[in-house]
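Reminder, nothing fancy here: chain letters follow the sequence lines and each chain counts from 1.
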Amino acid sequence: MAIKPRVIYWFRTDLRLHDSPALAAALDLKPECLWPIWCWDPHYVYRARVGPNRWQYLLDCQQDLSDSIARLNPKSRLHVLREAPQTLLPKLFKAWKVTHLVFEKDTDAYARSRDEEVMSSAREAGVQVIVKYGKTLWDPDAVVKANGNKPTMTISQLRHAGEKVGDIPRPIPAPKSIPDPGNMPLDFAQTQPAPEPDLNSIYRTRKENSYEKLAGPNGDFAVPTIEELGIKSATTPHRGGETGALAVLDNIIKNEQYTATFEKPKSAPTAFEPQSTTLLSPHLHFGSLSCREFYWRVQDVVDNFKGKASQPPVSLTGQLLFRDMYFAAQAKMGWKFSQTVGNDHCRFIPWHLRSKVDGPDGLVTGEYNIDSVEAEEWFQRWKTGRTGFPWIDAVMRQLKQEGWIHHLARHSVACFLTRGGCYIDWERGAEVFEEWLIDHETACNTGNWQWLSCTAFFSQFYRCYSPIAFPQKTDKNGDFVRHFVPELKDFPAKYIYEPWKAPIQDQRTAKCIIKGDGTVQTIDELPAYPKPMFDFSTRRDICIGGMKNAYRVGLYGNSPKVVNGSWPSAFDDDAEGTTDGKNISEQDTLEVETHRQIQTDTNSKADSLKPMNKNKRKGTGTLEGFLRPQKAMK
DNA sequence: GTAACTGTTGACGAT
DNA sequence: GATCGTCAACAGTTA
């Protein structure tokens, strides 16, 4: 007699019941029992730097899903187990007499290695594994295959490949019932992770005790609270969970005009309360909304729309195509997609603050070289919202506070940090977004930073965002700045984007003095706002010159000179102050230093030119960086 | 092979 | 205020 299926459904970032091909496959087995579980992975708890807002969003999604499961079957819920899946699942297979393991396929580099390990232990245990795909419109691996086994680098490549792969599947309704979970004996030893390095220590208010008990502090497999994680309270108004996601989607779909005529480039990055885009991206990241549900709900409105509907790529469905493009590029390139060095599709630009690369595989270590004191100061001022450019600072403060900023605001601050202002490595900016965005998705974040820095996907570096003119197009009065940079709230509209131009009398009337570098809080008992950290148009010209030269040199991340560190020799004939770098051997450092002395004569910023190659910053590494195989982290 | 065209989202000044 | 050409100019796609 056949054994009745005893199924573990392993949730990851597919935290929903509606349109889950993998969950549908699990239920098709007509299992005797089904355990919905989440493995509390130390790679995320300790090794990725995640701000409180994204932690809260994840917990919201888990709790909402758990409640929804319990509504379908009061005996069930999302069972959160505090252990890494690689060590936990083999023990569960045995202890719970599991016959099947079902999960949704992931194609990012860490997930692939994790899932390979889990699938191999399942094979050894005689457990059948069922993997279905539902994260993007098409399976990225199928897209890559249809694109001639190459990463999709343009939207037209993605569209052609998508057509070859086939129709976008219609969503699957949420299940009406969920089988009981079986017994859950935990008569085995818990494998506790090493708590160090804990990249989230800066966010913890007290000792983190996720791993004290396998089934949580009360032994009931409950979703952890943010207090249990010892993480500071979230400051974002945005909340996670499938129930909320579907309600937001309903509201958008109800507005046929908005849904059918949406054009991303025409939406205002300065709009807040409400914002001008859907804010569904964090739900797509955590899987609390299915992108196929989103796609078809929108497409059905467009198909029935009487007026002139917008078209991809600017339309709502077009946004999903970009997501698929980045996922397929990442699926093909693996770990190397998220870094410059070793990446054959990413141009090499001799930015400041480049990532440190190490190990036999040439992967980034999570550290970077401070080759310029000035650039490091600019980077810190950018990150903390005190550049002295109100638009840039408002966006960066919104990012930290709320964990979400408009797509074009991301463009603006990314351009400013890299090719259109600071000439700092895009990987530094990507790390900050990774830490603070509630919708952070490695594929999209990396792809968009490469796009904006003109290192891949896009190359028109002479199109540069102005921190003054760009926000003025949609917010003449500067309401967005007044909200997020409240010390400027009483400045006249004439000066709101360039307050340093206001006469001192106007500054006093507006009760804010423009002085210093942002470290001074008050001047003459009035609040202070910093002076701009550089002259924008001068920096823009320097950066464009640097980009032009770097394009002429034509190095890519996999060029031998980049991999072996001899790239400065390719830039010797150029006098741009932006093309020097010291992330190289002592010999090369000397050469660069000589090169710099010549420049110093015409450059008063001599301090920034001191060799700093031993001065490196620790612990700001990317998620990908710290999720890489241990051997690559040494 | 070559040239023209096109590319989700620039700034600026003229009309 | 909306739309246009220019700025100086990249690279994938199409004819």
Subject >> is_close_aromatic(A/F484, A/F272), centroid dist under 6.0 Å >> reply: yes

Subject >> Rounded distance in Å - CD1 (A/I155) to C1' (C/dT13) >> reply: 14 Å

**OP:** Taking the six-membered ring for Trp and the single ring otherwise, decide whether the centroids of A/W391 and A/F480 are under 6.0 Å apart.
**Re:** yes

Original post:
Could A/K164 and A/W138 be counted as a cation-pi pair, given that NZ or CZ must be under 6.0 Å from the ring centre and within 45° of the axis?
Top reply: no

Subject >> Whole-Å distance separating the NZ atom of A/K476 from the P atom of C/dG1 >> reply: 8 Å

**OP:** Could you state the atom-to-atom distance from CD of A/Q460 to C1' of C/dA9 in whole Å?
**Re:** 8 Å

Subject >> C1' atoms of C/dA9 and B/dG7, separation to the nearest Å >> reply: 14 Å

Subject >> A/N549 CG to C/dA8 P, straight-line distance once rounded to whole Å >> reply: 18 Å

Original post:
Which sits closer to the 5' end of DNA chain C, A/R463 or A/Y551, going by the nucleotide each is nearest to?
Top reply: A/R463

**OP:** Send over the distance from A/L158 CG to C/dG12 P, rounded to a whole Å.
**Re:** 16 Å

Subject >> Protein-nucleotide distance (A/F457, atom CZ; C/dG12, atom P), rounded to Å >> reply: 12 Å

Subject >> Sugar-phosphate, base or nothing in reach of A/H160, heavy atoms under 4.0 Å >> reply: sugar-phosphate

Original post:
What interatomic distance, in whole Å, is found between C1' of C/dA15 and the corresponding atom of B/dG1?
Top reply: 12 Å

Original post:
How long is the line joining CZ of A/R540 and C1' of C/dA9, in whole Å?
Top reply: 15 Å

**OP:** Using distance alone, with no hydrogens and no angle criterion, decide if A/W449 and A/T418 have a side-chain donor and acceptor under 3.5 Å apart.
**Re:** no

Subject >> Nucleotide interval of DNA chain B bounded by contacts with chain A (heavy-atom cut-off, under 4.0 Å) >> reply: B/dG7 to B/dC12

Subject >> Test of ring centre spacing under 6.0 Å for A/Y326 and A/F457 >> reply: yes

**OP:** Taking Watson-Crick and G-U wobble pairs with both distances under 3.5 Å, convert DNA chain C into its dot-bracket string, 5' to 3', dots for unpaired and | for cross-strand pairs.
**Re:** .||||||..||||||

Original post:
Going by heavy atoms in the side chains, are A/D344 and A/Y556 under 4.5 Å from each other?
Top reply: no

Original post:
Which heavy atom in A/L321 sits nearest to a heavy atom in A/L158, and how many Å separate them?
Top reply: O-CD1, 3.6 Å

Original post:
For A/R552 and C/dA9, what is the distance between atoms CZ and C1' respectively, to the nearest whole Å?
Top reply: 16 Å

